[in-house]
J.: 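Pasting a structure here, questions to come.
Side-chain atoms are counted along with the backbone in the values below, which use heavy atoms only and exclude waters and symmetry mates. In what follows, chains carry the letters A, B, and so on, assigned in the order in which the sequence lines appear, proteins first and then strands, with residues in each chain numbered from 1.
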There are 2 protein chains.
Amino acid sequence: MFKLKDVANLTNVSISTVSKVLNGKGRVSEKKRREILKVARQLGYTPNYHARTMARRSRILTIGLIVPDITNPFFAKLTKGVEKTCGEDALIILMDSFRNLEREEKLIKNARFFGIDGIIIGNSRVNDELVLEVSKYIPVVVFDKDYECENVVSIVLDNYHGAYSATKHLIENGCTHVVHLGGTHELFVSLQRANGYEAAMRESGFQPRIFATGYDENKGYENMKKILKQGETVDGIFCMNDLVAMGAMKAVKEFGLNIPKDIAIVGFDDDENLCEIISPSLSSVHQPVEEMGQISAKLLFELIKKDLKIKRYVFSPHLVIRQSSLKGRESQ
Amino acid sequence: MFKLKDVANLTNVSISTVSKVLNGKGRVSEKKRREILKVARQLGYTPNYHARTMARRSRILTIGLIVPDITNPFFAKLTKGVEKTCGEDALIILMDSFRNLEREEKLIKNARFFGIDGIIIGNSRVNDELVLEVSKYIPVVVFDKDYECENVVSIVLDNYHGAYSATKHLIENGCTHVVHLGGTHELFVSLQRANGYEAAMRESGFQPRIFATGYDENKGYENMKKILKQGETVDGIFCMNDLVAMGAMKAVKEFGLNIPKDIAIVGFDDDENLCEIISPSLSSVHQPVEEMGQISAKLLFELIKKDLKIKRYVFSPHLVIRQSSLKGRESQ
DNA sequence: CTGAAAGCGCTAACAC
DNA sequence: GTGTTAGCGCTTTCAG
């Protein structure tokens with residue numbers, strides 16, 4: 001790696017002159033400037049980033065983004081959102097924990113040593129103490145949780161409301177026996193969604209029936225099969241996520257029932273790739289994930305600049321209605 | 001932000017003593033060490049990353065990863081692979097160009113100014129000159145292309161072979177009228193895939209029929225519909241990617257034909273999420289994307305350390321056979 | 001116009 | 001044990 005000094009020596013000027021030319025500051029004779037530029041290019045000179053940010057007052061913002069799995073569409077979209085608001089003004093250091101909690105904690109703990117100005121923690125199951133500790137050193141953005149602490153801002157999704165409106169939609173479309181294929185309650189979100197479902201059911205005078213199902217397609221399939229086999233009366237299903245809904249659809253079809261005529265279905269997350277490719281297309285509660293990423297970054301910047309206005313940002317999901325829940329129509 | 005000097009002043013020792021304590025080097029009396037540690041913690045002192053890497057001989061590796069769209073499963077997997085081999089030893093700066101060529105070029109051009117030690121360019125349509133120029137400054141990894149240049153390594157996928165074996169598989173399963181729904185030939189990969197298809201067909205004495213289709217589900221659907229409407233004889237389809245295959249399947253089903261009995265189908269990319277959720281499940285040519293990411297990073301490290309052994313790494317895709325191509329069986 | 005010199009915050013020899 | 005000092009490579013006054 002060449003340095004200013006090398007260029008200076010080769011052109012018989014001082015390093016400060018070289019610096020000026022390379023930064024387009026101060027005035028230098030056209031002749032020298034030419035020469036310097038030429039030599040710098042020949043050498044392939046690149047200013048040392050660290051030296052530069054040391055010497056300058058202003059530094060380029062660097063934010064750490066920690067996700068459990070970049071391969072999961074949710075986190076990919078989140079990342080995209082973050083990236084969008086960073087634009088040209090900030091670098092983002094992506095750290096994937098591979099769903100390994102130990103690795104995740106290490107990443108979070110070490111982040112501040114890498115010249116990171118703030119950190120966004122994608123996993124909503126973070127250890128509270130860890131967040132509190134890290135926030136002593138750098139600003140933090142978290143999801144689905146709240147902290148009293150000064151240096152933390154929260155992005156939350158109104159899962160309750162999303163579940164409520166999905167259930168309501170099924171009822172309004174004529175379902176009288178809506179069941180909920182829920183998550184296991186180690187996750188806060190699945191509890192919230194179950195609550196939303198329950199509220200909508202009770203409000204209409206129906207008895208809620210919640211089945212602890214899980215989070216993937218296979219779980220949805222197996223559980224739905226079991227439910228149908230048991231002879232439960234079902235004409236509507238609200239699923240905790242789209243994958244579970246996919247599985248449930250498969251089971252329903254296997255029983256020779258028509259979606260949505262016999263059983264209407266709504267998912268959660270609105271992974272367009274899935275929802276639109278399946279037949280009939282799946283209605284789902286849409287999370288504005290990318291936008292959540294954008295806001296995360298925006299609030300983080302404010303926090304870094306000590307110019308925070310908002311400490312908690314709530315997103316309301318909305319229902320995207322497709323074929324799977326329109327009971328009026330029969331799918332071919 | 002506090003600095004060593006602040007801690008030193010507060011504890012009445014020199015900054016070098018503080019440095020020693022904080023880095024666990026040299027010997028310092030237990031009493032002072034305690035005091036120093038305590039004060040440092042109270043202050044929330046974090047060493048300045050840039051100053052540190054300047055003063056130290058060894059610096060932490062930082063690599064830039066440029067992708068057109070992190071939301072695309074291909075690039076998400078690639079990123080995961082890269083991250084995996086980075087492990088704890090390197091930082092990765094993720095840059096999404098949002099499929100904006102101008103932005104992408106800017107990102108690539110500027111990368112070297114951000115203390116990046118090497119760069120991985122995910123987009124296989126990069127401008128050659130740009131790659132050559134950037135490689136003068138930092139090591140580069142590219143995909144699907146080759147450069148004479150010293151400082152560039154290539155990761156390529158044997159698309160030809162993948163297409164060949166997919167087509168061969170259809171033929172061996174009894175198809176005599178296999179068509180190819182290909183891409184538009186602005187993409188090199190689609191040309192390679194078409195060539196592989198053609199070779200397999202000719203080898204078996206069949207006339208290849210290639211339809212320039214496109215890259216998404218809708219294109220696959222529309223084009224396949226047209227082909228069937230025209231009354232073409234078709235009993236096998238090799239699609240340029242999984243999305244096109246999805247669309248084609250939809251069209252085939254609409255015509256009341258059975259997959260795979262009447263028409264067998266194979267896709268490309270093997271996006272498991274899609275291939276396994278559809279019914280019948282879709283056979284597809286698998287690209288070891290994550291592994292490609294891992295190798296990219298590995299080779300980049302070697303390049304950075306001037307210890308390069310390989311200049312070109314070829315991955316061979318393999319066919320994953322699911323239900324959509326097993327002509328023997330009829331799907332229900 | 002041009003260069004000497006101070007300093008960004010930290011580390012690592014090397015004295016004391 | 002502890003402090004002094006010389007850089008790391010660059011930017012930026014401030015003289016000349």
Side-chain angles (χ1 to χ4, degrees), chain A residues 1-41 43-62 110 112-117 137-138, chain B residues 1-41 43-62 110 112-117 137-138:
Chain A
M1 285 290 87
F2 292 98
K3 14 183 212 168
L4 277 191
K5 200 176 171 188
D6 298 315
V7 182
N9 287 158
L10 254 42
T11 50
N12 296 309
V13 297
S14 72
I15 54 171
S16 70
T17 301
V18 179
S19 172
K20 273 169 200 149
V21 170
L22 263 27
N23 288 296
K25 297 189 177 174
R27 17 211 98 272
V28 179
S29 71
E30 193 50 29
K31 194 179 156 200
K32 292 202 173 181
R33 118 175 281 102
R34 279 249 166 72
E35 175 70 0
I36 289 170
L37 250 21
K38 195 178 116 200
V39 172
R41 196 167 315 121
L43 255 36
Y45 169 80
T46 296
N48 180 304
Y49 173 64
H50 303 290
R52 187 172 249 188
T53 58
M54 281 235 57
R56 291 220 249 247
R57 5 178 84 247
S58 76
R59 40 207 256 63
I60 181 152
L61 243 41
T62 305
N110 289 334
R112 68 184 170 110
F113 296 111
F114 299 138
I116 284 171
D117 302 291
Y137 300 99
I138 46 175
Chain B
M1 285 290 87
F2 292 99
K3 14 183 210 168
L4 277 191
K5 200 175 170 188
D6 298 315
V7 182
N9 287 159
L10 253 43
T11 50
N12 296 310
V13 297
S14 72
I15 54 171
S16 71
T17 300
V18 179
S19 171
K20 274 171 199 149
V21 170
L22 264 27
N23 288 294
K25 296 188 178 174
R27 19 211 97 272
V28 179
S29 71
E30 193 50 30
K31 192 181 158 198
K32 292 203 172 178
R33 117 175 282 102
R34 278 249 166 71
E35 175 70 1
I36 289 169
L37 251 19
K38 194 179 117 201
V39 172
R41 195 166 316 120
L43 255 35
Y45 169 81
T46 296
N48 180 305
Y49 173 63
H50 304 290
R52 189 174 245 188
T53 59
M54 282 237 53
R56 292 220 248 247
R57 358 183 91 246
S58 75
R59 41 206 256 60
I60 181 152
L61 243 41
T62 305
N110 289 335
R112 68 186 170 109
F113 296 112
F114 298 139
I116 284 171
D117 302 291
Y137 301 100
I138 45 175

J.: Which listed nucleotide (dC10(C), dA12(C), dT11(D)) is nearest to the side chain of Lys25(B)?
T.: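 Of the candidates, dA12(C) comes closest.
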
J.: From the list dG7(D), dC10(D), dC1(C), which nucleotide is the closest neighbour of the side chain of Ser29(A)?
T.: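 Among the listed nucleotides, the one closest to the side chain of Ser29(A) is dC1(C).
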
J.: When the distance from CD1 of Ile15(A) to P of dC10(D) is rounded to whole Å, what number comes out?
T.: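 Computing the Ile15(A):CD1 to dC10(D):P distance gives 8 Å.
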
J.: Grab the CD1-P distance between Ile60(B) and dC10(C) for me, whole Å please.
T.: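 Rounded to the whole Å, the gap is 18 Å.
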
J.: Can you measure from OH (Tyr45(B)) to CG (Leu4(B)) and round to the nearest 0.5 angstrom?
T.: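 CG of Leu4(B) is found 3.5 Å from OH of Tyr45(B).
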
J.: Taking the side chain as C-beta and beyond, is there a heavy-atom pair between Thr11(A) and Thr17(A) under 4.5 Å?
T.: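 They are not in side-chain contact.
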
J.: Between the side chain of Asp6(A) and the main-chain N/O of Lys3(A), is any donor-acceptor distance below 3.5 Å?
T.: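 Checked: pair present.
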
J.: Can you measure Leu4(A) atom CG to dC8(D) atom P for me and round it to whole angstrom units?
T.: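 Those two atoms, CG and P, are 13 Å apart.
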
J.: As a test of reading the structure: which of dC10(D), dC8(D), dG3(C) is closest to the side chain of Ala55(A), going by heavy atoms?
T.: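 In terms of side-chain proximity for Ala55(A), the closest of dC10(D), dC8(D), dG3(C) is dC10(D).
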
J.: With nearest nucleotides of DNA chain D determined for Tyr45(A) and Lys20(B) from heavy-atom distances, which residue corresponds to the more 5′ nucleotide?
T.: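 Nearest nucleotide further toward 5': that of Lys20(B).
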
J.: With sugar-phosphate meaning primed atoms plus P, OP1 and OP2, does Lys32(B) contact a base, only sugar-phosphate, or nothing at under 4.0 Å between heavy atoms?
T.: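 Here Lys32(B) touches the backbone only, sparing every base.
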
J.: Please state how far atom CG in Asn12(A) lies from atom C1' in dA4(C), giving the value in whole angstrom units.
T.: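 Rounded to whole Å, this separation is 17 Å.
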
J.: Once you round it to whole Å, what is the distance between C1' of dA4(C) and NZ of Lys5(A)?
T.: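 Whole-Å distance recorded here is 14 Å.
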
J.: Decide whether Asn48(B) and Arg59(A) meet the rule of one side-chain donor and one side-chain acceptor closer than 3.5 Å.
T.: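 Their side chains do not contain a donor-acceptor pair, so the 3.5 Å distance test is not met.
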
J.: Is there a side-chain polar atom (N or O) of Thr17(A) under 4.0 Å from OP1 or OP2 of dG3(C)?
T.: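 Looking at the OP1 and OP2 atoms of dG3(C), one of them is under 4.0 Å from a side-chain N or O of Thr17(A).
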
J.: Just to verify, which of Asn23(A), Leu22(A), Ile15(A) counts as forming a side chain to side chain contact (heavy atoms under 4.5 Å, CB included) with Ser19(A)?
T.: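 The residue from Asn23(A), Leu22(A), Ile15(A) that satisfies side chain to side chain contact (heavy atoms under 4.5 Å, CB included) with Ser19(A) turns out to be Asn23(A).
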
J.: Distance check: side-chain N/O of Asn48(B) vs OP1/OP2 of dC8(C), anything under 4.0 Å?
T.: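 The answer is no; no side-chain N or O of Asn48(B) sits under 4.0 Å from OP1 or OP2.
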
J.: Looking across every strand, which nucleic acid part, if any, lies under 4.0 Å from Arg52(A) by heavy atom: base, sugar-phosphate, or nothing?
T.: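 Sugar-phosphate contact only - Arg52(A) comes under 4.0 Å of backbone atoms but never of a base.
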
J.: Look at the side chain of Ser16(B) against the base of dG3(D) and say whether a donor-acceptor pair falls under 3.5 Å; ignore hydrogens and angles.
T.: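 Per atom types, the contact qualifies.
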
J.: Would you kindly give the CG-to-P distance between Asp6(A) and dG9(D), to the nearest whole Å?
T.: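 These atoms are roughly 9 Å apart.
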
